[in-house]
Structure formats: structure tokens, C-alpha cells
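Below is one structure, written out as C-alpha cells; comments come after it.
Heavy atoms only: backbone and side chains are in, while hydrogens, waters and symmetry mates are out.
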Amino acid sequence: FATTAVNAAGADGLFYSGSFEQVGIQRIAVLATYVYAGIATFIILKVLSLFVPLRVSDEEEETGLDITQHGEDAYSYGDMSTITA
């Protein structure tokens, strides 16, 4: 969107030249970045999964992650028999 008055090394942007060429180039660059980030993340997760599991087991999830992962109960209410309505 810039003009050569701001950046003499560049070219006039969309508002000053009326050409969508640069916006199209930038759109392609953004899409390429998304694809690269997605593929790189997939590869990193695949490599990590060779050494450590990416998910907890179904049993640990059913028991509760606070207890299985941290060894504590997140919502400890104490003795519930003493609570009256």
C-alpha cells in the first residue's frame, strides 16, 4: 500500500499504482508461509512422537490428569458429608 515517497527502493503500492500485482505476490507469500508452518509442525510432531507420547493414555484421561500428571486433586472439597443445604 506504500508509495515510493516513503520507500524509494520499492515500487508504488496498490493505492498509488492501481496494480494488484504486489498484493497478489504477498498473498502467495502468506499462503506459502502457512503451508511451510503446517508441514514443519507435522514433521516436528512426528519426530517427537518417536521419543515421547503426544497424548496421555485413555486410562490416565479417565482417572483425571490432575492426579495422574501432577499428583494432586484440583478441586478438593474435603469432607462433603458435613455440608448441608
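The structure places CZ of Arg27 at 9.0 Å from CZ of Phe20, a figure rounded to the nearest 0.5 Å. Here CG of Asp58 is found 10.5 Å from OG1 of Thr63. Values are rounded to the nearest 0.5 Å. The distance from atom OG1 of Thr41 to atom OH of Tyr36, rounded to the nearest 0.5 Å, is 9.0 Å.
In plain terms, the two heavy atoms of Glu61 and Val56 that are nearest each other are CB-CG2, 4.1 Å. Heavy-atom minimum distance, Leu48 versus Leu54: CB-CD2, 4.4 Å.
Side chain of Glu60 to backbone of Ser57: a donor-acceptor contact under 3.5 angstrom is found.
Cluster membership for Val35 and Ile43, using ILVMFWY side-chain heavy atoms within less than 4.5 angstrom, is shared.
No side-chain heavy atom of Ile28 sits under 4.5 Å from any side-chain heavy atom of Leu31. Residues Arg55 and Pro53 have side chains not in contact (no heavy-atom distance under 4.5 Å, counting atoms from C-beta outward). Looking at heavy atoms from C-beta onward, Glu72 lies out of side-chain contact with Ile67 at the 4.5 angstrom threshold.
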